Amino acid sequence: MSRSSSHSCEGFKCLTPQQHFSLPSPQQEGGSKSSTMTELETAMSMIIDVFARYSGAEGSKQSLTKGELKTLMEKELPGFLQTGRNKGAVDKLLKDLDANGDAEVDFSEFIVFVAALTSTCHKYFQQGGAK
Ligand SMILES: [Ca+2]
């Protein structure tokens, strides 16, 4: 009796997406949508909302063009770019954030920026903040 173990990799293809994402089923009895979001969940959803608000203005809805990035920065992070003086600031920021080089900032590139900025703020507050 010869046991063939030649095609052992075939067996790994049986996982369906459903099996990967077996999240606990939300126990919502009424028709009301989740009214019990935690603070962190709310914060995350707000970041997603803010991104979508600006990314939908022109071009792809999934990413920020340079113009959209500029508007977002001016409205949401007015202290970050000193607009007026620093003409190349948006270009430089876009270059820094654009990890995949498509000249736009998609959400995964944006969230890296938000995380880095938040981390910087965190350090700042740990050091006692402004004097
Ligand atoms: Ca990009």
Side-chain angles (χ1 to χ4, degrees):
M1 242 180 148
S2 69
R3 283 173 210 167
S4 167
S5 58
S6 56
H7 55 282
S8 54
C9 40
E10 290 297 314
F12 290 100
K13 291 186 177 174
C14 55
L15 278 181
T16 63
Q18 281 82 4
Q19 285 173 302
H20 275 293
F21 296 102
S22 57
L23 294 169
S25 56
Q27 293 173 348
Q28 293 170 7
E29 318 224 331
S32 65
K33 280 205 165 179
S34 57
S35 56
T36 53
M37 276 175 55
T38 66
E39 287 184 15
L40 184 57
E41 286 169 344
T42 306
M44 293 191 300
S45 102
M46 283 171 80
I47 294 173
I48 294 169
D49 280 354
V50 166
F51 179 85
R53 195 178 310 150
Y54 294 92
S55 68
E58 61 177 23
S60 168
K61 290 192 174 180
Q62 308 302 321
S63 56
L64 299 167
T65 61
K66 190 169 88 175
E68 288 166 346
L69 178 65
K70 184 168 184 283
T71 311
L72 185 152
M73 294 305 294
E74 284 171 355
K75 297 217 173 143
E76 305 292 334
L77 293 166
F80 188 82
L81 296 177
Q82 272 121 35
T83 42
R85 282 195 178 192
N86 212 341
K87 260 195 161 182
V90 175
D91 293 85
K92 187 178 180 304
L93 181 66
L94 179 64
K95 231 179 196 178
D96 287 346
L97 301 187
D98 185 18
N100 64 1
D102 64 356
E104 297 196 359
V105 176
D106 60 31
F107 188 75
S108 63
E109 290 164 348
F110 175 70
I111 197 66
V112 168
F113 170 61
V114 174
L117 209 57
T118 308
S119 180
T120 304
C121 288
H122 181 235
K123 277 181 203 154
Y124 179 76
F125 287 125
Q126 274 188 324
Q127 286 162 7
K131 284 172 192 170

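Residue numbers run from 1 in the order of the sequence given. Computed from a predicted structure; not experimentally measured.
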For Asp98, all residues meeting side chain to side chain donor-acceptor pair (under 3.5 Å), sequence neighbours excluded: none
State, to 0.1 Å, how close Glu58 and Thr65 come at their nearest heavy-atom pair, and which atoms those are. OE2-OG1, 2.5 Å
4.5 Å side-chain heavy-atom contact, Val105 and Leu72: no
Considering all heavy atoms of both residues, which atom of Thr36 and which atom of Glu41 are nearest to each other, and what is their separation? O-OE1, 4.2 Å
If you round to the nearest 0.5 Å, how far is CE of Met44 from CD of Glu39? 12.0 Å
Is there a side-chain contact between Val90 and Met73, using heavy atoms and a 4.5 Å cut-off? no
Leu69 side chain reached by Phe113 side chain, heavy atoms, under 4.5 Å: no
Are the charged groups of Asp49 and Arg53 less than 4.0 angstrom apart, N to O? no
Side chains of Met37 and Thr42, heavy atoms from C-beta outward: is any pair under 4.5 Å? yes
Nearest 0.5 Å, what's the CG-CG distance between Leu64 and Leu97? 9.0 Å
Would a distance-only check, ignoring hydrogens and angles, find a side-chain to backbone donor-acceptor pair under 3.5 Å from Ser119 to Ala115? no
Could you state the interatomic distance from CD (Glu76) to OH (Tyr54), rounded to the nearest 0.5 Å? 3.5 Å
Within one Ile-Leu-Val-Met-Phe-Trp-Tyr cluster: Leu117 and Val112, side-chain cutoff 4.5 Å: no
Can you list the residues that meet the side chain to side chain donor-acceptor pair (under 3.5 Å) rule with Glu104, with sequence neighbours excluded? Ser63
Going by the rule side chain to side chain donor-acceptor pair (under 3.5 Å), which residues pair with Asp91 if we only count those two or more places apart in sequence or in a different chain? Lys66
Anything under 30° is parallel, anything over 60° is perpendicular, the rest tilted; go ahead and classify Phe107 against Phe51. perpendicular
